[in-house]
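Structure, as structure tokens:
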Amino acid sequence: RMQRSTSHGNVVDLSESLCRPAPREVIDWTSAVIPGRLSFETHRNEHDTMERIRSHPRAFYFSSWMHESYEAFCSDFGPVNLAAVVRFCQLLRERMNDPRLADRHVIYYCNADAAHLTNTAFLVGAYLVLVETW
């Protein structure tokens, strides 16, 4: 059991609060990372994804499991491990350098919850720093 004494001498049990699952907030998000070339979005479900693809036929939508690959300790959700960061950067670099996609807007998407959005933002940021040298 993890316990902590407060400044008033009370003992607080931290075990339950640390390992209680955090509520999952659903967030609608679209972010232009490289305007006109790269964005990331959250999608609520498969129907939402299909609607967006139909609405934007010139865009190239893709996703992966990498934003979900973190093995949680209690209620944390990331960031993902270094191997997933490297694989994500390679995957995104392949898409960005694919000659068939040269004139298309590339959109990486994830599920519309706060944990996936946070991990996706981290992965896209890692791509910008490591590959695009921002």
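Please read these numbers as outputs of a predicted model, since none were measured by experiment.
Counting heavy atoms from C-beta on, the side chains of Leu123 and Leu92 never come closer than 4.5 Å. In this structure the side chain of Tyr61 reaches within 4.5 angstrom of the side chain of His43, judged on heavy atoms. By the 4.5 Å heavy-atom criterion applied to side chains, Gln90 and Val86 are counted as neighbours.
To the nearest 0.5 Å, the span separating CG on Asp98 from CZ on Arg100 amounts to 4.0 Å. One finds the OG1 atom of Thr120 at 11.5 Å from the CD atom of Glu41 (value rounded to the nearest 0.5 Å). Going from atom CG of Asn81 over to atom CZ of Arg87 covers 6.5 Å, rounded to the nearest 0.5 Å. Put simply, CG on Asn111 and CG on Asn119 are 11.5 Å apart, with the number rounded to the nearest 0.5 Å.
Of the candidates Ile107, Val106, Leu117, Phe40 forms a side-chain contact (heavy atoms from CB on, under 4.5 Å) with just one, namely Leu117.
Side-chain N/O atoms of Thr42 and His116 include no donor and acceptor closer than 3.5 Å.
Here the shortest heavy-atom pairing between Arg58 and Arg104 reads O-NE, 3.1 Å. Of all heavy-atom pairs spanning Ser63 and Tyr109, the tightest one is OG-O, 2.6 Å. Residue Ala32 comes nearest to Ser39 through the heavy atom pair CA-OG, 3.5 Å, listed as atom of the first residue, atom of the second, then distance. Between Met96 and Arg37 the shortest heavy-atom distance is O-NH2, 2.6 Å.
Both Ile34 and Phe62 are part of a single hydrophobic cluster, where members link through side-chain heavy atoms under 4.5 Å apart.
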Let me have the donor-acceptor pairs involving side chains of residues 124-134, under 3.5 Å, with sequence neighbours excluded, atom names and distances please.
residue: Tyr127; atom: OH; partner: Glu132; partner atom: OE2; Å: 2.6

